[in-house]
Structure formats: structure tokens, C-alpha cells
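Residue numbers count from 1 along this sequence. What you see below is based on every heavy atom in this structure, not just the backbone, and it leaves out hydrogens, waters and symmetry mates.
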Amino acid sequence: MDVYCTRPGCHNPINYCPELDHKATLHKVQQKYCTSCGMTLILRGRYLPIKLLGKGGFGTAFLARDRDTPAMRYCAIKLFQPDNNLNPQQLAVAQNLFEREAAVLEELGNKHPLIPDLLAFFSWEVPSLIPGREERFFYLVQEFIDGENLEEELTKTGVFSQDKVLEMLTEILNVIQFVHKNGVIHRDIKLSNIIHHHTNGHFYLLDFGAVKQVTQVPAGTSKQSSTGIYSMGFAPPEQMSGNQIYPSTDLYALAVTCVILLTGKQPQVLLDSYTNQWHWQKYAPQVSDRFAQVLNKMLNYAPNQRFDSAADVLAALQPVFSSTTPTPPSLPTPVISSTPQKSLAIPHFSNLELLAAAGFTGFEVTLLGFIFINLFGQSWLSGIVGALILFGLIFTQSRRIIEGNDLIIISGLTLAIIMFLPTWQLFQPISAIIIISMMAGLSAIAVTALFRLIYILLSRIL
């Protein structure tokens, strides 16, 4: 097993530890040390960092395994390192702040299924690279959400459809509504802090700033003081100027996230800094007028001109849902017990995604049919294998295991296999096979579109 050193600035952080690969020796190893810098590798005696996930202004995130769990559970570890120049009193304040805010994050994650659970928090003292000194590191261990953040997904797949943005917006608004009711304002909503789960299709809100001075809203108030922590382009004017912030501060940042997904453009392109007006609609002609009105109100310069709450935004979105889809996307219900259950609902697909999946399935199954008939002849075995392949393609796409560019890659590989088959006794030339497969894909798209139309009509009638 490769174990990743968490010391900032380590020149060779990857350490090969073969004894951690075997159950017989996994728990006998008390500690391992980085061969490059001498940093302890097994955090708190149980967590094994294996991969760097990313770096930010406040620390670094790692993917890790928990060797104290039967399945070596994956988890995410965030490292926060205070400035080395802090005196003992300042360091104590930083540690108290870290512990208090970790408690807030733990409470939120344990009660809402779309906020990662906090599994542990601790400080770790190790010898410094400077002889005679020690360094203290703070770690948060959280549930690992297996997916891509929206910044990565936008780069990979391109602009989002209105339906997909609505799906994300609805789920995150429900999270924000819960967060605000618990007296917390996120203050750093942006593409990289929203994760789209690979398996269940839900959108998770991350990074509640356990080291970013999250504080409780005093009873009877609905505002907090800005801490100067924000992301350029996403933060509204009141946050950037250091003034009081409100629940609508988060709504502004969420709207910026939406318009970036809809246009593929960065905030500096969409925002006129002279007038503080957003000009994004010309880059997103697919967006309905009603949805644009909702987003523009969320993007208002003045906090009191925006929606007052996430619930108000959800109410304003109802006409948008009725004009695009029969009902808003189903959402997991926040869990109140101490052992939250994560929802595993089937992902929602836009019309474009549905038709693309149908076309790919028809094209791919036809190509594979030629291959299996060539290998096994026109027999019952070919039919069974074809049916299993069809089921497998539908299932993997329904769970978003394969999507986007994966479809093109798989089709290309299948074509390559056909071109290298040794015999073509049963087939027309390759060009004819490709044409037949394309016709099958177009037929699948037509049938899917017809059934989708019938479904929508029946849903509105009934």
C-alpha cells in the first residue's frame, strides 16, 4: 500500500508500505514514517492517507483508509496547519476554534443526508524539520463522497442543461434551508464545494469552514458579521466589503454557481463591475424566462432585494418545474436521529441525457450483436449474452456509472474490436455495419422520445 505523507512541502510524499496490504500484518504495524521527511504516516494510529485530493488556502485534503473498520472504510482527511509564528496563547485559541467549529460541522452532518458526516477531529504533534522544534497539525476526518465537484464536472462535460441545474439547485437549497435554520451561514458556496455523487446522483454541500470561523447566529437575529473569508466572483458585495452577512448571502453565491454552470463562463465575464449587473442570459438561451427571473433576483446587488430564504426560492421555482418536468426532483429527508441514513435515490436525467443514453444503447447493442453472432453464430447463447449486455448498459447508465465521454470511448473501442475480427462471413462491409448500428441508435432515440412525450402528456392529464 502506498501511504501519502501529510506534511506540507514534503518532496517525496508517497511511501510504499507492503505490510499494510495484508490482514495478518495490517494491525501489527504500530507506526510508519515518511522516508523523505520523517513525518508519522498513520494518523492517530488508524488513518492511512493514500492520495492527495486537493489543496486550498487553509490546508490540504487527502483520501484515506480507516484500518479500524472491517472494510477499510474510505474517508476524507482535511489538514489545517496554523502559522508557525503563532505564540502559545494564539495556538490555544486556534485549537479551541477548531474544536468548537468541528462540533458545529458534526451536528450538521449527522442530521442531513447531503452534508458529509464528521468522523473525527484531532491535533497531531510531530518533530519539525527545524531541529529542536515541534509542529502541530489539525485534522478533520469526514465521510468520503465519491464523486466530482461541479468545477470538475463542468470541465469534463460542458455546460449543464436547465433541468440538471434545477436538480442541483433544488437539493442544495434544501441543504441551505436546513443549515440556516441551525444558525449557520455557509459563506463559501461555489462549484468546487458541491459534489455530484457518482452512484446515487445526489449533490452534496461540502466545506463548512471548520477552520473558517463558523459561528452560531444569536437568538432572534438572522445575520452575522463577515469574517473576510470568501471566494472572489461568488461572494456578494456585503461579504467582500466586510459588512454584515445574511442568509441571502448564500443565495447569491448559489445563483452565481448556477449561471456559471448554465453558461460555462467565469464571473468576471458575466458581471459588469461598473454597474454591478449580471449579464449572463445571452450565453444561456436555453433558460426559461421564469427561471432567469428567479436567478436574477438571487443575484441582486442589495441583500434586501433578494429572496429572504431558501424556502422562498423553492416556492418561486414551482412554476419552472411545472413547465419543464412533472414534479421537482425527489429529495432525501433530513435525518433527525443520531445515526443518519443516506438516501440512494435513482439519479434524475434531463431529456437530452435520456435521448443520448438511448442512442448510445441502440448503437452499442447492435455493434455487440454483430460481434457475438460472429463469435457464437445465430444461437441461443448469442441471444442470452445480448440480453445481459443490454441490461448491463441500461443499469450502468441509470446509476451514472458510465456517462458523458464514457459513451463515446466505449463505442470507439467496440468499433475497433469489429475492425480486427478475423472473419466476416455473416456480415456486410464495415461501412454497412456502422450504418445499421447508427440506424438502430436513431430508432432507439425516436422510441424513447415518443414514450417520454406520452409520459409527460399523461402526467399532466392525470
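- Residues satisfying the side chain to side chain contact (heavy atoms under 4.5 Å, CB included) test with Ala316, not counting sequence neighbours, are Arg290, Val294, Phe307.
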Pairs under 3.5 angstrom only: tabulate donor-acceptor contacts from the side chains of residues 410-419 to other protein residues two or more places apart or in another chain.
unit_1: Ser411; atom_1: OG; unit_2: Leu407; atom_2: O; d: 3.0
unit_1: Thr414; atom_1: OG1; unit_2: Glu364; atom_2: OE1; d: 3.2
unit_1: Thr414; atom_1: OG1; unit_2: Glu364; atom_2: OE2; d: 2.5
unit_1: Thr414; atom_1: OG1; unit_2: Ile410; atom_2: O; d: 2.9

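- Between Leu41 and Cys5, the closest side-chain pair of non-hydrogen atoms falls below 4.5 Å.
- Taking 4.5 Å as the limit, some side-chain heavy atom of Gln177 sits within range of a side-chain heavy atom of Asn174.
- Scored by the side chain to side chain donor-acceptor pair (under 3.5 Å) test, Gln30 finds no partners at all (sequence neighbours excluded).
- Annotation: side chain to side chain donor-acceptor pair (under 3.5 Å) contacts of Tyr74 (sequence neighbours excluded): Arg65.
- Listed by chain and number, the residues in a salt bridge (Lys or Arg N to Asp or Glu O under 4.0 Å) with Arg46 are Asp66, Asp68 (sequence neighbours excluded).
- Two residues are said to be in side-chain contact when any heavy atoms from C-beta on lie closer than 4.5 Å; Ile189 and Ile176 meet this criterion.
- Scanning both residues, Ala64 and Ile77, for their nearest heavy atoms gives CB-CD1, 3.5 Å.
- For the pair Val175/Phe203, no side-chain contact is recorded, criterion being any heavy-atom separation below 4.5 Å from C-beta on.
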Requested in this report: Let me see the working for Met72 and Met1 under side chain to side chain contact (heavy atoms under 4.5 Å, CB included), right down to the final yes or no.
Outcome: CA-CA 12 Å; Met72 292 279 287; Met1 174 184 293; 3.7 Å; yes
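- Taking the six-membered ring where the residue is Trp, Tyr204 and His197 present tilted rings, their angle falling between 30° and 60°.
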Query raised in the report: When you look at Phe137 and Leu43, which way does the side chain to side chain contact (heavy atoms under 4.5 Å, CB included) test go after all the steps?
Result: CA-CA 11 Å; Phe137 302 93; Leu43 301 177; over 6 Å; no
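- In this structure, Thr155 has no side chain to side chain contact (heavy atoms under 4.5 Å, CB included) partners at least two apart in sequence or on a different chain.
- Using a 4.5 Å heavy-atom threshold, the side chains of Glu148 and His196 count as separate.
- Of all the heavy atoms in Ile42 and Trp124, the pair that sits closest is O-CZ2, 4.0 Å.
- Ile145 CD1 to His198 NE2: the interatomic distance, rounded to the nearest 0.5 Å, is 11.5 Å.
- Distance check: Leu251 CG to Ile172 CD1 gives 12.5 Å after rounding to the nearest 0.5 Å.
- Judged by distance alone, with hydrogens and angles left aside, the side-chain atoms of His27 form a donor-acceptor pair with the main-chain N or O of Arg67 at under 3.5 Å.
- Asn149 contributes no side-chain N or O that, together with a main-chain N or O of Ile195, makes up a donor-acceptor pair within less than 3.5 Å.
- The stretch residues 11-26 participates, sequence neighbours left out, in these salt bridge (Lys or Arg N to Asp or Glu O under 4.0 Å) pairs: Glu19-Lys32.
- Using a 4.5 Å heavy-atom threshold, the side chains of Val3 and Pro49 count as touching.
- Contact record, Leu118 with Ala102: CD2-O, 3.1 Å, taken as the closest heavy-atom pair.
- Rounded to the nearest 0.5 angstrom, Asp207 CG and Arg187 CZ are separated by 11.5 Å.
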Using residues 257-264 as the side-chain source, report each donor-acceptor pair under 3.5 Å to any protein atom, sequence neighbours left out, with the distance given to one decimal.
unit_1: Thr257; atom_1: OG1; unit_2: Ala253; atom_2: O; d: 3.0
unit_1: Thr263; atom_1: OG1; unit_2: Val259; atom_2: O; d: 2.7
unit_1: Thr263; atom_1: OG1; unit_2: Lys265; atom_2: N; d: 3.1

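- How far CD of Gln239 is from OH of Tyr246: 12.5 Å, rounded to the nearest 0.5 Å.
- By the 4.5 Å heavy-atom criterion applied to side chains, Phe178 and Leu114 are not counted as neighbours.
- When atom types are taken as modelled, the side chain of Asn12 and the backbone of Ser36 share no donor-acceptor pair closer than 3.5 angstrom.
- The side chain to side chain donor-acceptor pair (under 3.5 Å) search around Tyr139 returns Thr6, not counting sequence neighbours.
- In this structure Ala315 satisfies the side chain to side chain contact (heavy atoms under 4.5 Å, CB included) test with no other residue, sequence neighbours excluded.
- Judged as a side chain to side chain donor-acceptor pair (under 3.5 Å), and not counting sequence neighbours, the contacts of Thr35 are Asn15.
- Here the shortest heavy-atom pairing between Ala444 and Ala358 reads CB-O, 3.3 Å.
- A distance-only check finds no donor-acceptor pair linking the side chain of His186 to the backbone of Thr249 [under 3.5 Å].
- The distance from atom CG of Asp2 to atom NZ of Lys51, rounded to the nearest 0.5 Å, is 12.5 Å.
- A distance-only check finds a donor-acceptor pair linking the side chain of Ser309 to the backbone of Asp312 [under 3.5 Å].
- With hydrogens and angles ignored, the 3.5 Å screen pairs a side-chain donor or acceptor of Asn193 with a backbone N or O of Asp188.
- In summary, Lys111 and Glu107 engage in a salt bridge, as defined by a charged side-chain N under 4.0 Å from a carboxylate O.
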Query raised in the report: What's the verdict on side chain to side chain contact (heavy atoms under 4.5 Å, CB included) for Glu153 and Met168, showing C-alpha distance, side-chain angles and the deciding distance?
Result: CA-CA 13 Å; Glu153 189 169 354; Met168 180 279 296; over 6 Å; no
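- Pro267 and Val256 make their closest contact through CG-CG1, 4.1 Å (heavy atoms, listed as atom of the first residue, atom of the second, distance).
- The two residues Tyr33 and Gly38 make their nearest non-hydrogen contact at CD2-O, 3.6 Å.
- To the nearest 0.5 angstrom, Leu154 atom CG is 6.0 Å from Phe160 atom CZ.
- A search for salt bridge (Lys or Arg N to Asp or Glu O under 4.0 Å) contacts involving Glu134 returns nothing, not counting sequence neighbours.
- Although no hydrogens or angles enter the test, the distance criterion places a donor-acceptor pair under 3.5 Å between the side chain of Asn200 and the main chain of His202.
- When the shell of 6.0 Å around NE2 of His22 is examined, it contains more than 12 heavy atoms from other residues, nucleotides or ligands.
- Between Tyr4 and Phe62, the two ring planes are tilted [angle within 30° to 60°].
- The shortest distance between side-chain heavy atoms of Glu167 and Asp163 does not fall below 4.5 Å.
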Query raised in the report: Please walk me through it: do Phe122 and Val141 pass side chain to side chain contact (heavy atoms under 4.5 Å, CB included)?
Result: CA-CA 9 Å; Phe122 55 91; Val141 184; 3.8 Å; yes
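- Looking only at distances, no side-chain donor or acceptor of Gln31 sits under 3.5 Å from a matching main-chain atom of Gly45.
- Although no hydrogens or angles enter the test, the distance criterion places a donor-acceptor pair under 3.5 Å between the side chain of Glu143 and the main chain of Asp117.
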